[in-house]
Amino acid sequence: MSASPPAAAAKNPPGQSPGALPAALTYPDVADLLARIRFQPEQGRIWLDDQRMLLLHSSALGVLRRELIESLGADRARGLLTRIGYNSGSHDAELSRKLRGSGGAANAIYGGPQLHMLEGTVRVEPVMMEVDEEKGHFHGEFLWHGSSEAEEHIRLYGIGSEPACWQQIGYASGFISRFMGRPVLFREVQCCAQGASHCRIVGKPVEEWDDASHDLAFLRADALTAGLATSAPTDLGVASPIGSAAQDLLGDTDVVGASAGFNAACHMVRRVADTQATVLFLGESGVGKEVLARSLHRVSPRGAGPFITINCAAIPETLIESELFGVERGAFTGATTARPGRFERAHGGTLFLDEIGILSWTAQGKLLRALQEREIERVGGTRTHKVDVRLVAATNLDLREEVRARRFREDLFFRLNVFPITVPPLRERREDIPIFMNHFLRKFNLRNARKVTGFTGRAIDAMLGYDWPGNIRELENIVERGMILAPEGGAIDAFHLFSGGEQLASGTLSLDRGGSLRSDQQKAAAEAAPAAQEVPPEARTSQAIADLLDAVGNGAAEGLSIDRIEALMIERAVAQAGGNLSAAARLLGITRPQLAYRLKAARRGANPETAP
């Protein structure tokens with residue numbers, strides 16, 4: 001779908017006031033977004049849809065900015081604030097796509113500026129926007145008026161030479177990246193903090209910027225995790241664009257992601273890298289534990305030494321000892337030559353034990369001795385060999401539970417659990433999904449000499465809504481499948497991706513007791529744990545309305561028309577609110593003008609003789 005207003009639309013037509021929006025770029029009605037804001041003052045909560053929000057003094061954020069700049073330096077402070085904004089924009093994109101996805105890409109994308117304004121950050125004026133989801137094309141230009149972030153920066157530091165709306169730029173990048181299913185970078189080309197009358201931002205896909213690496217460093221947390229990438233990235237963890245130097249777009253050392261969970265794991269890696277501590281990576285299969293283990297080795301003082309891996313799940317129990325410790329000639333039938341094991345081969349470097357949780361009890365005991373004594377003895381040998389090895393392990397099992405079940409030695413667990421790092425599953429770091437989608441699409445386009453352009457809106461929705469039980473490994477495979485099935489020069493659609501028996505959410509909507517539309521999954525979760533999900537009172541209908549809904553569902557209202565049911569609900573809501581139409585509208589989840597219109601129509605229908 002393409003939304004590209006004519007160039008002339010960026011100018012005000014004759015007779016229109018200079019501050020008004022051009023007709024072609026006028027925002028859609030904001031009522032759908034306003035209806036999602038709920039205040040729960042007696043519980044100290046504010047909600048935007050199902051996300052808890054806060055009202056903060058802008059001066060408090062200014063204090064935070066100053067503390068960060070003074071303690072961390074400007075670059076690190078900028079990176080942190082940019083990533084906070086990216087996370088916020090990503091969540092708002094999910095809400096906008098949910099509410100406006102059926103109205104077209106441009107309509108849903110405008111939810112970002114509108115939410116930005118509703119949240120009190122800035123007034124956004126669109127200048128131009130081009131969007132084609134299927135080709136992955138986006139080009140937008142917007143003006144920011146009255147930026148709260150710029151105002152606070154000026155109050156603290158005065159007019160300077162650099163743009164200062166760091167958190168807002170992160171918001172715009174996060175919103176559009178999540179929406180488009182590929183990394184999109186916004187840049188502030190002028191700012192009030194530089195003395196301009198307003199701020200101006202321009203956004204387009206990362207690869208269309210000639211010099212994006214500096215901006216992208218702030219989204220990758222490079223200020224705190226410098227060195228985790230093999231070389232300077234050209235986009236959000238994605239290697240160089242198609243057509244540049246030939247290289248593996250997903251080598252063993254690629255680190256890809258921009259989510260808070262991913263960055264937290266990277267911070268932990270960086271903190272432990274220059275020590276000799278044993279590191280234990282925890283997380284589900286396919287989340288990228290080995291990728292981070294390789295990065296840990298590379299940025300450590302042992303980076304010039306060998307990085308030796310062994311997958312404990314792939315080695316038969318009878319051979320695991322010889323693989324770890326080596327074999328002397330004649331130790332068993334077929335051992336015609338002496339062979340060093342993984343410990344000896346990793347001398348001076350790092351030994352990575354993947355899937356360590358499935359080691360046999362006997363092998364665990366021998367591994368424990370090697371770790372304690374820092375020496376090993378080959379199978380069939382009598383001489384000990386001193387080894388200088390840093391051990392890094394990974395497992396997708398709960399080792400504490402394995403210890404309780406006596407399947408894993410407690411003493412070995414405590415020896416390994418010196419510095420645990422948990423890598424979150426992909427379903428908990430959905431901000432990274434668009435980055436991976438773009439990353440793998442480029443990889444497979446290059447590998448197979450294809451020119452698949454991008455993903456359709458349906459495909460993006462499906463990818464963001466899927467739970468990814470196989471995590472990054474599954475996502476990689478599904479994108480490769482989509483690339484194979486998609487037409488050359490076309491876009492990947494949802495049916496290209498999920499054709500291997502994956503269970504997608506049905507997307508069926510139904511009324512809950514509060515009269516709100518919810519997906520079946522949301523409704524089931526709310527019913528299963530009602531105490532854990534506090535619904536704001538404004539989002540609940542009165543008990544009378546809830547009883548009526550139950551009556552309709554039980555057939556007690558059989559024979560009533562939809563209009564009559566709606567009229568009864570409206571009348572009961574008004575009665576419950578004591579005749580206050582605004583309160584009644586909040587109970588029903590509609591605006592006051594909508595309620596007034598429907599109430600008038602309902603009463604006219606009940607007394608047809610009064611109709612004109």
Side-chain angles (χ1 to χ4, degrees), residues 1-34 85-86 88-97 99-133 135-150 163 165-192 196-206 208-209 457:
M1 159 168 206
S2 178
S4 177
K11 300 177 181 179
N12 295 104
Q16 189 178 43
S17 64
L21 294 178
L25 294 176
T26 300
Y27 288 123
D29 193 302
V30 76
D32 57 339
L33 302 178
L34 284 171
Y86 187 97
S88 179
S90 180
H91 281 86
D92 279 358
E94 186 175 354
L95 172 61
S96 185
R97 183 177 277 282
L99 293 181
R100 297 180 172 180
S102 61
N107 191 67
I109 285 177
Y110 276 138
Q114 289 181 296
L115 284 165
H116 222 173
M117 290 190 284
L118 287 177
E119 291 161 4
T121 307
V122 68
R123 180 171 73 84
V124 186
E125 177 186 346
V127 176
M128 63 84 65
M129 186 172 71
E130 300 171 356
V131 53
D132 190 324
E133 289 179 281
K135 294 183 178 179
H137 172 69
F138 176 87
H139 188 193
E141 183 175 347
F142 300 85
L143 303 182
W144 284 342
H145 300 278
S147 165
S148 60
E149 194 170 10
C165 299
W166 304 332
Q167 187 170 345
Q168 293 170 206
I169 277 291
Y171 179 97
S173 297
F175 186 95
I176 300 298
S177 294
R178 179 74 172 264
F179 191 91
M180 295 296 296
R182 69 182 308 179
V184 174
L185 172 67
F186 273 83
R187 178 175 290 172
E188 192 174 12
V189 296
Q190 73 177 43
C191 181
C192 293
S197 60
H198 53 260
C199 307
R200 182 183 297 268
I201 64 169
V202 176
K204 52 188 177 181
V206 167
E208 295 183 18
W209 291 98

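Quick note: residue numbers are just sequence positions, from 1.
In this structure a side-chain-to-backbone donor-acceptor pair under 3.5 Å is present from W209 to K204. In terms of modelled atom types and a separation under 3.5 Å, the side chain of S177 and the main chain of V184 share a donor-acceptor contact. Without hydrogens or angle criteria, S173 side chain to F186 main chain gives a donor-acceptor distance under 3.5 Å. The main-chain N or O of T121 is found under 3.5 Å from a side-chain atom of S148 such that the two form a donor-acceptor pair. Although no hydrogens or angles enter the test, the distance criterion places a donor-acceptor pair under 3.5 Å between the side chain of E149 and the main chain of Q167.
Neither side chain, Q168 nor H116, offers a donor N or O lying under 3.5 Å from an acceptor on the other.
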Checklist entry - Given E141 and R200, is the salt bridge (charged side-chain N to carboxylate O under 4.0 Å, His left out) satisfied, shown in steps? => result CA-CA 7 Å; E141 183 175 347; R200 182 183 297 268; 2.4 Å; yes
* Asked: Can M117 and Y27 be said to form a side-chain contact (heavy atoms from CB on, under 4.5 Å), step by step?
  -> CA-CA 12 Å; M117 290 190 284; Y27 288 123; 3.4 Å; yes
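M180 and G136 make their closest contact through CE-C, 4.0 Å (heavy atoms, listed as atom of the first residue, atom of the second, distance). Here the shortest heavy-atom pairing between Q190 and A196 reads NE2-CB, 4.0 Å. For L143 against H145, the heavy-atom pair with the smallest separation is CB-NE2, 3.9 Å. Between E119 and D92, the shortest heavy-atom contact is OE2-OD2, 2.8 Å. The shortest heavy-atom contact between P163 and C191 is CA-CB, 3.7 Å.
With values rounded to the nearest 0.5 angstrom, L95 atom CG is found 11.0 Å from R178 atom CZ. Here OH of Y110 is found 14.5 Å from CG of L115. Values are rounded to the nearest 0.5 Å. For the atom pair CG of L185 and CD1 of I176, the computed distance is 12.0 Å after rounding to the nearest 0.5 Å. To the nearest 0.5 angstrom, E188 atom CD is 5.0 Å from I169 atom CD1.
Put simply, the side chain of R100 reaches to within 4.5 Å of the side chain of Q114, judged on heavy atoms. Within the 4.5 Å cutoff, the side chain of W144 has heavy atoms near those of the I201 side chain. In this structure, E133 and F138 have side chains that are not in contact, with every pair of non-hydrogen atoms separated by 4.5 Å or more. Side-chain contact check for H139 versus V202: some heavy-atom pair is nearer than 4.5 Å. Looking only at side-chain heavy atoms (C-beta outward), L118 and L34 come within less than 4.5 Å of each other.
Using cut-offs of 30° and 60° on the angle between ring planes, the pair F175 and F179 is parallel.
V124 pairs in a side chain to side chain contact (heavy atoms under 4.5 Å, CB included) with only one of the listed residues (C199, P113, S147), which is P113.
Ionic pairing of R182 and E208 is not present here: no N-O contact between side-chain nitrogen and carboxylate oxygen is shorter than 4.0 angstrom.
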